[in-house]
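Worksheet for the structure shown next.
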Amino acid sequence: MGLSIALLTISDTRTLADDSSGDQLQRSLEDAGHHLQERQLCPDDRYQIRHELSRWIADPAVDVVITSGGTGLTGRDGTPEAVAPLLDKTIEGFGELFRVLSFESIGTSTLQSRCLAGVANGTFVFVLPGSLDAVTTAWNRLIRAQLDADTRPCNLAQLRARLKE
C-alpha cells in the first residue's frame, strides 16, 4: 500500500504552472503507487514554509512531506533553517549520501546543497534542492526505495507505524 505524500515547492520565481521539479516528483511518487495528498508552492520565507509544513506534520493523513527549493547559500535560501526546528529526529545519512550521489553529476557544486531529512510527529520530511536533476537523483536513488515496504534489508516505510512509540 502506498503512502500519502505532500509536496511543497519553495520559490520566489516559480509558479505551479512552471514547476518542473514538482511535476517530476508528483509523477514519480504516483508511478511508485503513492498518493499525492496535497501540493503547494510558497515563497522563500521561513515562516510561511513552517506554516505549510506544520499543517501537514499535524495531519495524520500525511505520511511524508517532500520540499524542493531554498537549500542553497543565498540570502533568501532558508528552507533548512525553517525545517530543522520542526524535526524530532534528523536522518543524518540522507544529506551525506545525497551529496555523494550528486557529486557524480555536478562535482564539487554539491557543496552548496544543504538538503536534509528527518521525522516530525511521525511524518517523514525530505528537504531537497529545487533543480530537476536534484529531485530526480533524490527520488530515484534514495527516497523511492526507502518508501517502498519491499526494500530489503529495511526501509523507512516499515518504520512508519513505530515512529510515535
Side-chain angles (χ1 to χ4, degrees), residues 1-10 19-42 49-50 52-71 79-106 110-165:
M1 180 171 146
L3 299 173
S4 177
I5 301 176
L7 297 178
L8 180 64
T9 298
I10 294 123
D19 180 18
S20 59
S21 294
D23 291 342
Q24 176 66 29
L25 283 169
Q26 182 174 344
R27 275 190 306 275
S28 296
L29 74 88
E30 289 172 344
D31 288 348
H34 301 295
H35 166 73
L36 178 67
Q37 180 70 20
E38 189 175 345
R39 182 173 169 192
Q40 294 290 330
L41 186 136
C42 79
I49 295 166
R50 283 182 190 153
E52 288 299 329
L53 258 64
S54 294
R55 185 170 61 82
W56 288 333
I57 289 165
D59 185 346
V62 177
D63 300 314
V64 179
V65 174
I66 302 174
T67 74
S68 63
T71 63
T79 306
E81 290 78 12
V83 175
L86 301 176
L87 300 177
D88 300 320
K89 294 182 179 180
T90 58
I91 303 171
E92 300 295 340
F94 179 81
E96 297 163 357
L97 188 50
F98 175 82
R99 284 182 284 279
V100 167
L101 296 170
S102 265
F103 184 81
E104 296 171 5
S105 60
I106 65 170
T110 196
L111 291 175
Q112 298 175 38
S113 172
R114 299 181 312 129
C115 64
L116 64 106
V119 179
N121 192 36
T123 303
F124 291 110
V125 179
F126 297 94
V127 175
L128 310 178
S131 76
L132 183 58
D133 181 62
V135 300
T136 301
T137 297
W139 179 267
N140 289 341
R141 302 197 56 199
L142 293 169
I143 300 171
R144 180 181 59 198
Q146 283 300 297
L147 297 184
D148 181 346
D150 293 330
T151 297
R152 298 292 177 249
C154 58
N155 58 71
L156 295 176
Q158 290 176 309
L159 298 177
R160 174 99 174 76
R162 298 184 54 212
L163 294 176
K164 289 187 171 185
E165 288 181 342

Separation between OG1 (T136) and CZ (R144), nearest 0.5 Å, reads 11.0 Å

Rounded to the nearest 0.5 Å, the CD1 atom of I143 sits from the CZ atom of F124 at a distance of 11.5 Å

Side chain to side chain, L53 and T67, heavy atoms closer than 4.5 Å | yes

Is there a donor-acceptor pair closer than 3.5 Å between any side-chain N or O of Q37 and the backbone N or O of S4?
-> no

Expected output: side-chain T71 to main-chain C115 donor-acceptor under 3.5 Å | no

Interatomic distance, CG@L128 vs CZ@R114, rounded to 0.5 Å, equals 13.5 Å

Return yes if some donor-acceptor pair links the side-chain N/O of S21 with the main-chain N/O of G130 below 3.5 Å, else return no.
-> yes

Going by heavy atoms in the side chains, are H34 and V64 under 4.5 Å from each other?
-> no

With the side chain counted from C-beta on, respond yes when I66 and W139 share a heavy-atom pair under 4.5 Å apart, and no when they do not.
-> yes

How far does CG of L7 sit from OG of S28, to the nearest 0.5 angstrom?
-> 10.0 Å

Looking at CZ of R50 and CD of E81, how far apart are the two atoms once the value is rounded to the nearest 0.5 Å?
-> 9.0 Å

Is the side chain of D88 donor-acceptor paired with the backbone N or O of N121 at a distance under 3.5 Å, no angle test?
-> yes

Please lay out, stage by stage, how V65 and T123 fare under the test side chain to side chain contact (heavy atoms under 4.5 Å, CB included).
-> CA-CA 7 Å; V65 174; T123 303; 4.0 Å; yes

To the nearest 0.5 Å, tell me how far L3 CG sits from R160 CZ.
-> 7.5 Å

